[in-house]
Amino acid sequence: MPELIESEMIENAAFQQRPTWDEYFMLLTKLAAMRSTCLAFPVGAVIVKNKQVLATGYNGSPSGSEHCTTQGYCYPEMSNCTVNKDFPSRAVHAEANAIAQAAKHGISTDGASIYVTLEPCISCLKLVISAGIREIFYETTFNKGNNAALCQSFVDEGLVTLKQIHISSSVLQRANLFLNSPTSELRLFS
């Protein structure tokens, strides 16, 4: 077997790197977001406590209501809810769905953390805090202006912490490999 040059060895070592816990849970939120039925913003959420997943959620129409993806629009003649600000979103947000799933199954979220693909809106942030969740890890920033100021006031009061998470490119490459081929096959990395 030919010897690897140093740069290839470094590349293979990085490629085989396990995701951090934050990256792992953020990858799970991205998978949850794939279940979203929202045409505007697919969002996923995962509630975690002691490195164990308690509940997951994604945004979409309330249970029993026609999904926007099924009907092809949010409202008749509106491709999605962001087209017209006069109409409220039909979607239950991912964080609310995750908290509802935990409640439905009798799982306490007190002292838990939540990972979301999109920073929680103000309504979801208040719900998360009220559910006893004290840490929020998010991928993409959402709040601006007065909403961002209100978020910061909750942080300043010690009610919650917010931290933006980025998944490393090597972990994303590895995840892509795992998603695009059978995972439990013997792999020999040189």
Side-chain angles (χ1 to χ4, degrees), residues 18-71 74-75 80-81 88-143 147 150-151 154-155 157-167 171-172 174-176 178-179 182-184:
R18 290 173 68 193
T20 65
W21 284 108
D22 288 338
E23 289 174 321
Y24 171 70
F25 293 126
M26 191 57 70
L27 285 168
L28 293 178
T29 66
K30 288 169 139 336
L31 290 174
M34 291 177 65
R35 294 281 306 155
S36 172
T37 62
C38 179
L39 294 167
F41 292 105
V43 179
V46 176
I47 300 173
V48 175
K49 188 171 184 179
N50 299 324
K51 296 183 179 152
Q52 295 295 312
V53 174
L54 302 181
T56 64
Y58 50 88
N59 60 330
S61 304
S63 293
S65 180
E66 188 81 21
H67 294 301
C68 297
T69 52
T70 302
Q71 63 189 18
C74 293
Y75 293 102
N80 67 60
C81 298
S89 170
R90 294 182 66 236
V92 177
H93 290 187
E95 305 90 329
N97 270 326
I99 291 168
Q101 283 300 311
K104 188 175 185 178
H105 297 286
I107 300 168
S108 172
T109 57
D110 193 37
S113 302
I114 191 167
Y115 290 77
V116 289
T117 56
L118 184 65
E119 179 185 20
C121 70
I122 294 301
S123 295
C124 285
L125 178 60
K126 293 185 286 186
L127 178 63
V128 163
I129 291 168
S130 294
I133 297 170
R134 297 295 174 238
E135 294 179 308
I136 299 169
F137 300 93
Y138 64 93
E139 181 180 49
T140 304
T141 302
F142 177 73
N143 294 305
N147 287 353
L150 182 55
C151 287
F154 292 144
V155 170
E157 290 179 56
L159 300 175
V160 69
T161 62
L162 289 112
K163 182 179 179 189
Q164 191 169 18
I165 299 292
H166 298 286
I167 302 171
V171 168
L172 287 172
R174 189 165 187 228
N176 190 43
F178 274 67
L179 291 171
T183 304
S184 297

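Quick note: residue numbers are just sequence positions, from 1. Quick caveat, the model's predicted, so the values are computed rather than measured.
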**Pairwise salt bridge (charged side-chain N to carboxylate O under 4.0 Å, His left out) hits with a residue in residues 45-60, at least two apart** = none

**Item:** Partner residues of His67 under the side chain to side chain donor-acceptor pair (under 3.5 Å) criterion, sequence neighbours left out
**Value:** Thr37

**Asked** Which pairs with one or both residues in residues 97-133 pass ring-ring contact (aromatic ring centres under 6.0 Å, His included), sequence neighbours excluded?
**Response** Phe25-Tyr115, Tyr115-Phe137

**Asked** Any donor and acceptor pair, going by atom type alone, linking the side chain of Ser130 with main-chain N or O of Leu127 inside 3.5 Å?
**Response** no

**Prompt:** Are the side chain of Thr117 and the backbone of Gly44 linked by a donor-acceptor contact shorter than 3.5 Å?
**Reply:** yes

**Fill in**
For Ser123, the side-chain contact (heavy atoms from CB on, under 4.5 Å) test, sequence neighbours excluded, returns Cys121

**Request:** Look at the side chain of Thr20 and the backbone N and O of Glu23, then say whether any donor-acceptor pair between them is shorter than 3.5 Å.
**Result:** yes

**Item:** Partner residues of Ala45 under the side-chain contact (heavy atoms from CB on, under 4.5 Å) criterion, sequence neighbours left out
**Value:** Ala94, Ala98, Ile114, Val116

**Asked** Does some side-chain heavy atom of Ile133 sit less than 4.5 Å from a side-chain heavy atom of Glu95?
**Response** no

**Request:** Could you list the residues that satisfy side-chain contact (heavy atoms from CB on, under 4.5 Å) with Val160, not counting sequence neighbours?
**Result:** Leu125, Ile129, Ile136, Phe154, Val155, Leu162

**Prompt:** For Leu172, what residues pass the side-chain contact (heavy atoms from CB on, under 4.5 Å) criterion, not counting sequence neighbours?
**Reply:** Leu27, Ile167

**Reported NZ-to-CD1 distance for the pair Lys104 and Ile99, which is rounded to 0.5 angstrom** = 15.0 Å

**Asked** Can you tell me how far the CD1 atom of Ile122 sits from the CG atom of Leu150, to the nearest 0.5 Å?
**Response** 4.5 Å

**Prompt:** Judged by atom type as modelled, is there a donor-acceptor pair below 3.5 Å linking the side chain of Thr56 to the main-chain atoms of Ala32?
**Reply:** no

**Message:** Test: salt bridge (charged side-chain N to carboxylate O under 4.0 Å, His left out). Region: residues 105-119. Which pairs qualify, not counting sequence neighbours?
**Reply:** none

**Prompt:** Of all residues at least two apart in sequence or in a different chain, which pass the side chain to side chain donor-acceptor pair (under 3.5 Å) check with Ser61?
**Reply:** Arg90

**Item:** Verdict with reasoning, Val43 to His93, per side-chain contact (heavy atoms from CB on, under 4.5 Å)
**Value:** CA-CA 8 Å; Val43 179; His93 290 187; over 6 Å; no

**Request:** Please list all pairs passing the salt bridge (charged side-chain N to carboxylate O under 4.0 Å, His left out) test where one or both residues lie in residues 129-142, with sequence neighbours left out.
**Result:** Lys30-Glu139

**Fill in**
For Asn50, the side chain to side chain donor-acceptor pair (under 3.5 Å) test, sequence neighbours excluded, returns none

**Fill in**
Of all heavy-atom pairs linking Asn97 and Gly60, the shortest is ND2-N, 4.4 Å

**Message:** For Leu54 versus Ser108, what's the shortest heavy-atom pair and its separation?
**Reply:** CD1-O, 3.6 Å

**Contacts of type side chain to side chain donor-acceptor pair (under 3.5 Å), residue Ser36, not counting sequence neighbours** = Asn59

**Prompt:** With a 4.5 Å limit on heavy-atom distance, are the side chains of Pro19 and Arg174 in contact?
**Reply:** yes

